[in-house]
Amino acid sequence: MTSINYNFINIIFCFFKTLFIVFIIVFCGAMLSFIERRVLALFQNRYGPNRVGWFGLLQIVADMIKMLFKEDWVPSFSKSFLFILAPIISFISLLLVMSIIPFTDQKFIINLNIGVLFFLIMSALSVYSILFAGWSSNNKYALLGSIRAIAQTLSYEVFLGLSLMGVVAQSHSFNLFDIVYSQKKIWNIFPQFFGFITFFIAGLALCHRHPFDQPESEQELADGYHIEYSGMKFGMFFIGQYISMIVIASMITVLFLGGWYGPYLPKFLWFFFKTFILILFFILLRASLPRPRYDQILYFGWIICLPITLLNLIFTAFLILLY
Amino acid sequence: MYLIFYFFSFLTILFTFLTIIQSNLMYSLFYFSMSVLTTSFIFFLLGNYFIGSLQIIIYSGAILVLFIFVIMLLNYDVVKNGIHNMKFNYLYLSFLISLFFCVLYKIFFILKIKYIVHITDTLHILGINLFKPYLFIIELISILLLSIVLIVFLITKNKK
C-alpha cells in the first residue's frame, strides 16, 4: 500500500516538475521577443518598446492579447490538415529537446542514454514543419521560402551532427550527463574549438536566425513559409523560433561550455548565465551582420564548414587513438 | 506492451499500403515517412534505441526530405504522367520478385536466429553480425537495390 502511495506521489511530483519547466521555457521564449526588441533597439540608438507597462515590459502581454483574439483563418485553397499540423510540429519538436537537457546534476527531466541522438532526431523532424507549411499554403512565396529553408537545413544538418561527434568521441558516450562530467577539468570549447564554431553556425541555421533567415526574408519573400498564417498559428511559429534559440544555446552550454561547472556561484546560475550570454550573442549577430545571398550560404556550408568538421573529427580520433 | 507492438505494426503496414496505392506523389511520400517513423517506434519498443534513432535521423530526416524536395522542384504533371504511362518489363519484374522470394526463403527456412534486434546493442556487434551470419541476405538485398536503381535509370531514360 505504502509503495503504491509513494509511486503515486512520485508520478505527481514528476508531472508537476515537467509542467513547471515547460512553463518556464515557454515563458522565457515569449519574454525573449521583448528582450530582443529592446537590445536591438539599443544597438540602433533608440529605446524600443516603451508604451506598455514598466519600461515597456508588458509589451509581450499586449502582443499576446492581439494574437489570441485575431481571427484564426485557414485558407480555403490550402490543404487544411497539413496546414494545421505544421505550426504544432514547429512548436513541439524543439521544445521536446528541453526534456533531455541537464540544468544541474540534480535538476533535469529525463536522463536519456541517446541524448545527443535525441537532439538530432528532433532537429531532423523539425524540417517537416517548414515543408508542410510551405507546401500546404498553396502560395508561391511560401513555396519559395520553404524550398530555401529545406535546402539550407539539409545542408547544415549534415555537419550539425558531424561537429558533435568530436565531443561524443572524447566522452565515449551519447549521454549528456557523461559529456558534462567529461568537461570537469577543461571545457570542450578549447580542445574542440572548430567543432564549437561549426556547431554554432549550424545551430543558427537550424533555428533560422540571422544571418541564416533566408526562408523568411521580408524584403524578397514577404515572410516566407508562414505567410498564410495568422493568429495563434503564427504565434506558435513565432514562439517556436525563440524556443529553438533557447534550446540551441543550452545545448551549446552543455556540450561545449561545461554545463553547470563554474566557481563560487550555484550550479543553476552558471547554467543560466552561460545560456543567456549565448542568446545575447545571437541577438548581437542579428544586429550586426548583413544577410548573405542564398547560394552563398549553401556554398559556405558545403565547401568550408563540412571539411572543417571532417578534419576536426579525424584529428580528434587520431589523438584519442594516440593517447 | 504486446498491444502497442501490434498497434505500431498495423500502422506500419497501413502506411506502407497507402504509400503504394496513393496517386498523388507528395502524399505518397508523406505516408512513406510515416511508415518509416512507425518502424522506428517498433525498434524503440524492442529496446534497440540506437538503430531506432538512426532510422529517424537518416531516413525520415534526411533522405525522405530530399525526395520531397526534388519533387517540389520538378514539374509535377510530367512526373504524374510518367508514372501512369510506365510499361513494366516483365523480365526485370520476375527477376526482382524471385530475388525477393530468395530473401524470404532464407529468412524463414534456413536461418536459425530470426531476431536481429535481440543480439545487437552497439554498432560494433551490429557490424560483426551483419557480415557473419547475415552476409547472404545483405548481398541479396544489395543486388535488389542495385537492380532497382538500374530500373529507375531505364525508366527516366525512356521518357525522353
Side-chain angles (χ1 to χ4, degrees), chain A residues 79 81-82 85-86 89 93 96 100 110 112-138 140 142-162 164-165 168-169 172-175 206 225 298, chain B residues 8 15 18-19 22-77 79-80 117 120-126:
Chain A
K79 308 265 189 297
F81 178 69
L82 293 180
L85 192 67
I89 298 178
S93 61
L96 279 177
I100 57 159
I110 189 169
L112 275 186
N113 271 333
I114 51 163
V116 174
L117 286 177
F118 187 78
F119 167 69
L120 291 178
I121 288 174
M122 284 305 152
S123 64
L125 287 186
S126 69
V127 184
Y128 277 93
S129 75
I130 301 159
L131 204 146
F132 288 161
W135 188 70
S136 67
S137 310
N138 226 341
K140 63 183 170 193
L143 189 69
L144 278 175
S146 80
I147 282 174
R148 284 183 176 193
I150 294 163
Q152 177 188 312
T153 319
L154 272 181
S155 44
Y156 278 75
E157 210 166 75
V158 174
F159 62 85
L160 178 79
L162 276 176
L164 292 181
M165 287 309 127
V168 172
H172 306 289
S173 170
F174 285 115
N175 193 330
L206 182 74
Y225 59 88
L298 294 187
Chain B
F8 280 126
F15 283 130
L18 284 172
T19 312
Q22 188 62 246
S23 64
N24 190 335
L25 260 183
M26 278 304 257
Y27 279 124
S28 170
L29 278 173
F30 290 154
Y31 283 130
F32 188 47
S33 72
M34 285 306 291
S35 92
V36 167
L37 270 184
T38 42
T39 315
S40 75
F41 291 158
I42 292 174
F43 275 120
F44 273 108
L45 209 61
L46 292 170
N48 206 319
Y49 306 115
F50 187 73
I51 295 183
S53 44
L54 280 193
Q55 175 107 359
I56 298 183
I57 293 171
I58 294 172
Y59 288 98
S60 187
I63 293 179
L64 268 172
V65 173
L66 204 65
F67 276 146
I68 295 172
F69 182 55
V70 168
I71 282 171
M72 274 165 117
L73 284 177
L74 285 179
N75 192 353
Y76 196 67
D77 292 333
V79 179
K80 225 173 172 179
V117 279
T120 56
D121 276 314
T122 59
L123 201 59
H124 183 69
I125 302 171
L126 179 72

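Computed from a predicted model, the values in this text were never measured in an experiment. Protein chains get the first letters and strands the later ones, always in sequence-line order, with residue 1 at the start of each.
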### Task
Would you please classify the geometry between the B/F50 ring and the A/F174 ring as parallel, tilted or perpendicular, with 30° and 60° separating the classes?
tilted

### Message
Please classify the contact of A/L82 with chain B as side chain, backbone, both or neither, using a heavy-atom distance under 4.5 Å.
### Response
side chain

### Task
Would you give the length of the straight line joining atom CG of A/L125 to atom OG of B/S33, rounded to the nearest 0.5 angstrom?
9.0 Å

### Task
Report the distance from atom CE of A/M122 to atom CD1 of B/I56, rounding to the nearest 0.5 Å.
7.0 Å

### Message
If you count heavy atoms of other groups shown closer than 6.0 angstrom to OH of B/Y59, is the number above 12?
### Response
no

### Query
Could you state the interatomic distance from OH (B/Y49) to CZ (A/F118), rounded to the nearest 0.5 Å?
12.5 Å

### Spacing of CZ belonging to B/F30 relative to NZ belonging to A/K79, to within rounding of 0.5 Å
10.0 Å

### Query
Which heavy atom of B/S60 sits nearest a heavy atom of A/Y128, and at what distance?
O-OH, 2.7 Å

### Query
Do you know which of A/L154, A/I114, A/I150, A/L120 has the most heavy-atom pairs under 4.5 Å to chain B?
A/L154

